[in-house]
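Here's the structure, in structure tokens; my notes come after.
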Amino acid sequence: MTERISPATARRIALAAQGFGTRKPARVTGGHLRRTLDRVALHQIDSVNVLARAHYLPAFSRLGAYDTTTFDRAAWGRGRHRRMFEYWAHEASLLPLDLHPLLRWRMARADRGELRSAGMRAFATDRRGEAMALLDRIRANGPLAASDVETGRTGWWAWSGAKQALEWLFYAGHVTTASRRRGFERVYDLPERVLPRAILDLPTPDVASAQAALVERAARALGIATAGELRDYFRLSPADGAGAIARLLAQGTLVPVSVDDWPPAFLHHRARRPRRIEAQALLAPFDPLIWERARAERLFGFRYRIEIYVPPAKRTHGYYVLPFLLGDQLVARVDLKADRAHARLRVQSCHLEPGAPAETSDRLGAALEEMADWLGLGAVLVRPQSG
């Protein structure tokens, strides 16, 4: 019979799987960071920097204040310091190095031109010679950024031909990210000059095995999840996800379970089931605990939509809104901005959820002070709320 799990238990399973509910370390080490990266399996990259770069925030939510230069060394360092690589996973992401072999099938598909983007797809076929010329230039002259090839760039999404060619080379695995320049511009180089030889020499699994391994990592990171959530973690297609789930069910790695008001769900066979979760964390919009908005609503009864692209007059909660996790509930949301010129963390707006406990304001204040200190901002400045 399919096991029945209560929504409250499902919520605690999900939080524990994501690394919440354990005491934050007094001093965060590289080991803490590596374990968090392995648990979460990826850190999403985003261009918005109104508060802090998105990839820094999940580790802060789980560990507390840490030295971001440690993260930078793990992401873009040389030699033994390198622990991550960039690739398209959930979205543009930083991933543990051991996932590289599991994503080579995606690189191979991109190399064959099996991409949604017609602009990038052309470089696998008709314009392949242009991309290969860029690759030869990198091979001969070293790392290269799009701005080294063309001028007149107008923004993150205004990709030039050179940018598209470089991104196709990246998607197809011919190049990887060597470093990031000022302005967070990606610098491309050959994988063999960036990634450890031991990683590149790992055998490439067959496609079905690789996809099953990715879904297993997703299940570990989620604890309990629907089929759609399992495949969404690494952006697998419905067909690829279904095959991987079927394989993991047959192995006993996934266990079918029933949760009230959920679609059919699956439990990772090693998922923890804590009786209580003690947590206090501000969550970035791209945190894997909440990035799948329907899942966040099922887990927490919390409707969350990012409003970056909503005209200011039509926003409900603000531009860059972070939910506040207290215990095992999302109890508030705050629109934050790092005012670096004046060394202030600005709280543009704050909204408590219905039923938020009496301690919410004090606990949220402490979390904001911790974040301000971590970001090197002198104080928290709360914008007065209009009636």
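Because the structure is predicted, anything quoted here is derived from the model rather than measured. Side chains included, hydrogens not; waters and symmetry mates left out as well; all remaining heavy atoms used.
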**Report entry** Trace of the side-chain hydrogen bond (donor to acceptor under 3.5 Å, both in side chains) decision for S147 with E185
**Finding:** CA-CA 9 Å; S147 61; E185 183 182 23; 2.9 Å; yes

Going by an N to O cut-off under 4.0 Å, is there a salt bridge joining [X] and [Y]?
X: R217; Y: D98; value: yes
X: R121; Y: D126; value: no
X: R139; Y: D136; value: yes
X: K163; Y: E167; value: yes
X: R23; Y: E278; value: no
X: R273; Y: E3; value: yes
X: R53; Y: D72; value: no
X: D240; Y: R109; value: yes

Between [X] (side chain only) and [Y] (backbone N and O only), is there a donor and an acceptor less than 3.5 Å apart?
X: R11; Y: L299; value: yes
X: T177; Y: R186; value: no
X: R344; Y: L381; value: no
X: R346; Y: A338; value: no
X: D335; Y: Y319; value: yes

Quick check for you: to the nearest 0.5 Å, what is the distance between [X] atom [atom1] and [Y] atom [atom2]?
X: L51; Y: Y56; atom1: CG; atom2: OH; value: 13.0 Å
X: L377; Y: M371; atom1: CG; atom2: CE; value: 10.0 Å
X: I306; Y: Y320; atom1: CD1; atom2: OH; value: 6.5 Å
X: F300; Y: R295; atom1: CZ; atom2: CZ; value: 8.5 Å
X: L267; Y: T253; atom1: CG; atom2: OG1; value: 11.5 Å
X: I277; Y: R272; atom1: CD1; atom2: CZ; value: 6.5 Å

Query - Residues E353, R333; criterion salt bridge (charged side-chain N to carboxylate O under 4.0 Å, His left out); working and verdict - result: CA-CA 8 Å; E353 293 298 294; R333 58 187 95 201; 3.0 Å; yes

Within the 4.5 Å heavy-atom criterion, are [X] and [Y] side-chain neighbours or not?
X: S349; Y: R383; value: no
X: L222; Y: H268; value: no
X: L134; Y: L144; value: yes
X: L230; Y: L254; value: yes
X: F184; Y: I45; value: yes
X: V334; Y: L364; value: yes

Will you find, in the side chains of [X] and [Y], an N or O donor that is under 3.5 Å from an N or O acceptor?
X: T36; Y: R62; value: no
X: D111; Y: H174; value: yes
X: H32; Y: T29; value: yes
X: S209; Y: R247; value: yes

Query - Contacts of type salt bridge (charged side-chain N to carboxylate O under 4.0 Å, His left out), residue E216, not counting sequence neighbours - result: R220

Requested in this report: Go through the steps for R181 and D148 under the test salt bridge (charged side-chain N to carboxylate O under 4.0 Å, His left out), then give the verdict.
Outcome: CA-CA 12 Å; R181 285 184 182 168; D148 296 326; 2.8 Å; yes

Query - Where P323 and I290 come nearest, the two heavy atoms and their spacing - result: CG-CD1, 3.7 Å

Tell me whether the centres of the aromatic rings in [X] and [Y] are closer together than 6.0 Å.
X: F71; Y: H55; result: yes
X: H100; Y: W105; result: no
X: Y304; Y: H317; result: no

Report task. Tell me, yes or no, whether the heavy-atom count around K337 atom NZ, taken from other residues, nucleotides or ligands under 6.0 Å, exceeds 12. Result -> no

Query - Geometric cation-pi criterion, R106 with Y171: 6.0 Å, 45° - result: no

Query raised in the report: In chain order, what residues pass the side chain to side chain contact (heavy atoms under 4.5 Å, CB included) check against S258, with sequence neighbours excluded?
Result: T2, R4

Requested in this report: Measure the acute angle between the ring planes of F60 and W374, then classify it against the limits of 30° and 60° as parallel, tilted or perpendicular.
Outcome: parallel

**Report entry** Candidate pair E91 and W291, rule side-chain hydrogen bond (donor to acceptor under 3.5 Å, both in side chains), full reasoning
**Finding:** CA-CA 11 Å; E91 293 288 344; W291 68 29; over 6 Å; no

